[in-house]
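Below, chain A is the first sequence line, B the second, and so on; all start at residue 1.
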Amino acid sequence: MNSEKRAFAPALDPASLKLQLDAAIASGGLTIAPEWRASIDAHFEAIAKAAAFVMEFPLDDELDPAPVFRA
Amino acid sequence: MIDGSLSVTEIASKISSGAINARAVVEATLARIATINPKVNAFTDVTAARARQTADTLDARRARGEALGPLAGVPFAVKNLIDIAGLPTRAGSKINRDLSPASRDAMLVRRLEDAGAILVGALNMGEYAYDFTGENVHDAPSRNPHALDHMSGGSSGGSGAAIAAGLVPLALGSDTNGSIRVPSAFCGCFGLKPTYGRLSRAGSFPFVSSLDHLGPFARSVADLAIAYDAMQGPDLDDSVATDRAPEPTLPDIERGVAGLRIAVAGGHFAKHGDADCFAALTKVAKTLGVTRSLDLPEAGRARAAAYVITAAEGAALHLDRLRQRAVDFDPAVRDRLIAGTAIPVAWVIMAQRFRRWYRDRVLDTFQNVDVILAPTTPCRAPKIGQTTFVLEGVTMPVRPNIGIFTQPISFVGLPVVAVPVWLDDALPLGVQVIAAPWREADALRVARALEQSGIAQARVASL
């Protein structure tokens, strides 16, 4: 099978991350106290950096995700 | 004399021979817990009545001439995310205390008791296992028995503390990213994180199903092997439990290291730690005569992928609790979980695809090596409440970085024996003895050789 290595790194700018977090909090029905937000933002930024580090690594198209369900 | 230093092997042998009875062991254990636990805060529940009843049943069986199991009369305790019939499985949280009591014991508790062991209680842990420190805002921190103002490590902090304080000779914990290995290093005891899927997780409160493991803590390698062997076996109640036949390890642990190809992990594992952690690793490598080093490719990226998967699966698991009872979480855990709710699905799928790639490279590596050595933690146990530490001149947050060396290993489910190493009379450090999947016996053989040399040892703290 012909395969192509692909990589994609998510946007890491604070405004995009904040939008993403705002949407998750709203759609998840979460109630956030204002004083929690800085800590939550910092954690999401750390997660996004980790994700970008993973996603910039090119992988073959046919590579399965690790957990494979077996009937 | 029944004191806190008796091993699993010694207790089982004395009880089977009739030199002591199980009730006496249980009474001595309960008395020691009553005296010492207030100092270390390892136990959150003591199941005294149940333990006395189990002991009396065991003594009656022996009086009738019945053969007792390999763990005859051995007191043990379990991290409080493991079901104990009659208790709510709190998993370190305030919220879970409102759950109905567990209707039956977790599979591993049943298997240990089937082998003759006696459950004496449940152990403190970081909330919902999202922790490397052993701190807990609801139950207060478990404390390092070797220095009470220092962390026990997490999230199975009570398990490490109970072993190092001599409260029990055997404990169970869970390990998603390092939660058996970190407390083993900080508290100076032996811990075994088996191959992913080897020991049933049925009846334990989950954290990250993709990465969750259960395993034992003890003060000797033989004790780990006996307990591990007693807990192996298939279990349809855990969807990832293997259907491989049990592979007993105890017969192999005295075989020495001859014939095993051993290397030290370089690259990611040769950076990010302080001088002490590398000194401990060097001491172990020198004892084994290991001069070879190798690289686990992209181990740093593996850690990052584990970080993403953990945050996403943990957040999904707790989403409704975050919606209903956010104020009842430990703030340090709550804020990480809320952040995890915003992770796009593509990030998780890509992390799981990277996991497949990394697993293939790691399995390739094990074509040419049997055992890999790496530090367990980047430093000795920090002080309780400490939020930053300095590694290689860089100030870093403590909580997420304690597992910098453990995460890339559990990410692909490799079996690891965490061995305690003492450089001096101060706090211990740990070295991970890592084997190929399903080769727990190889890691235990190496750990046993290190124990016999005196380099690896678990000490009972003077309290």
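- Listed options B:Pro344, B:Ala346, B:Ala351 were ranked by heavy-atom pairs under 4.5 angstrom with chain A; first place goes to B:Pro344.
- Looking at B:Thr341, both its backbone and its side chain come within 4.5 Å of chain A, counting heavy atoms on both sides.
- Put simply, the side chain of B:Val327 reaches to within 4.5 Å of the side chain of A:Trp36, judged on heavy atoms.
- Within the 4.5 angstrom heavy-atom criterion, no atom of B:Arg359 approaches chain A.
- Residue B:Phe354 touches chain A through both its backbone and its side chain, counting heavy-atom pairs closer than 4.5 Å.
- With a 4.5 angstrom heavy-atom cutoff, B:Gln324 does not touch chain A via any of its atoms.
- Judged by distance alone, the side chain of B:Arg303 and the main-chain N or O of A:Ala50 form no donor-acceptor pair under 3.5 Å.
- Contact between B:Ala342 and A:Gln20 at its shortest, heavy atoms only, is O-NE2, 3.5 Å.
- Between atom CG of residue B:Leu322 and atom OG1 of residue A:Thr31 there is a gap of 11.0 Å, rounded to the nearest 0.5 Å.
- Residue A:Ser39 holds its OG atom at 10.0 Å from CZ of B:Arg336, rounded to the nearest 0.5 Å.
- Here the shortest heavy-atom pairing between A:Leu59 and B:Met350 reads CD1-O, 4.2 Å.
- Note: B:Trp347 and A:Phe44 have parallel aromatic rings, judged against thresholds of 30 and 60 degrees for the angle between ring planes.
- Of all the heavy atoms in A:His43 and B:Ala339, the pair that sits closest is CB-CB, 3.6 Å.
- Residue A:Ala42: no heavy atom, backbone or side chain, is found under 4.5 Å from chain B.
- Under a 3.5 Å cut-off, the side chain of B:Arg323 and the backbone N or O of A:Gly28 do form a donor-acceptor pair.
- A distance of 8.0 Å separates CZ in B:Arg353 from CG in A:Asp60, rounded to the nearest 0.5 Å.
- When all heavy atoms of B:Ile338 and A:Leu21 are compared, the pair lying nearest together is O-CD1, 4.2 Å.
- Annotation for A:Pro65 and B:Ile349: closest pair CG-CG2, 4.3 Å, computed over non-hydrogen atoms.
- Neither the backbone nor the side chain of B:Val412 comes within less than 4.5 Å of any heavy atom in chain A.
- Seen from the ring of A:Phe53, B:Arg301 counts as a face-on cation partner, given the 6.0 Å and 45° thresholds.
- When heavy atoms are compared at a cutoff of 4.5 Å, A:Ala48 approaches chain B by way of both its backbone and its side chain.
- The two residues A:Ile47 and B:Val308 have their closest heavy-atom pair at O-CG2, 3.9 Å.
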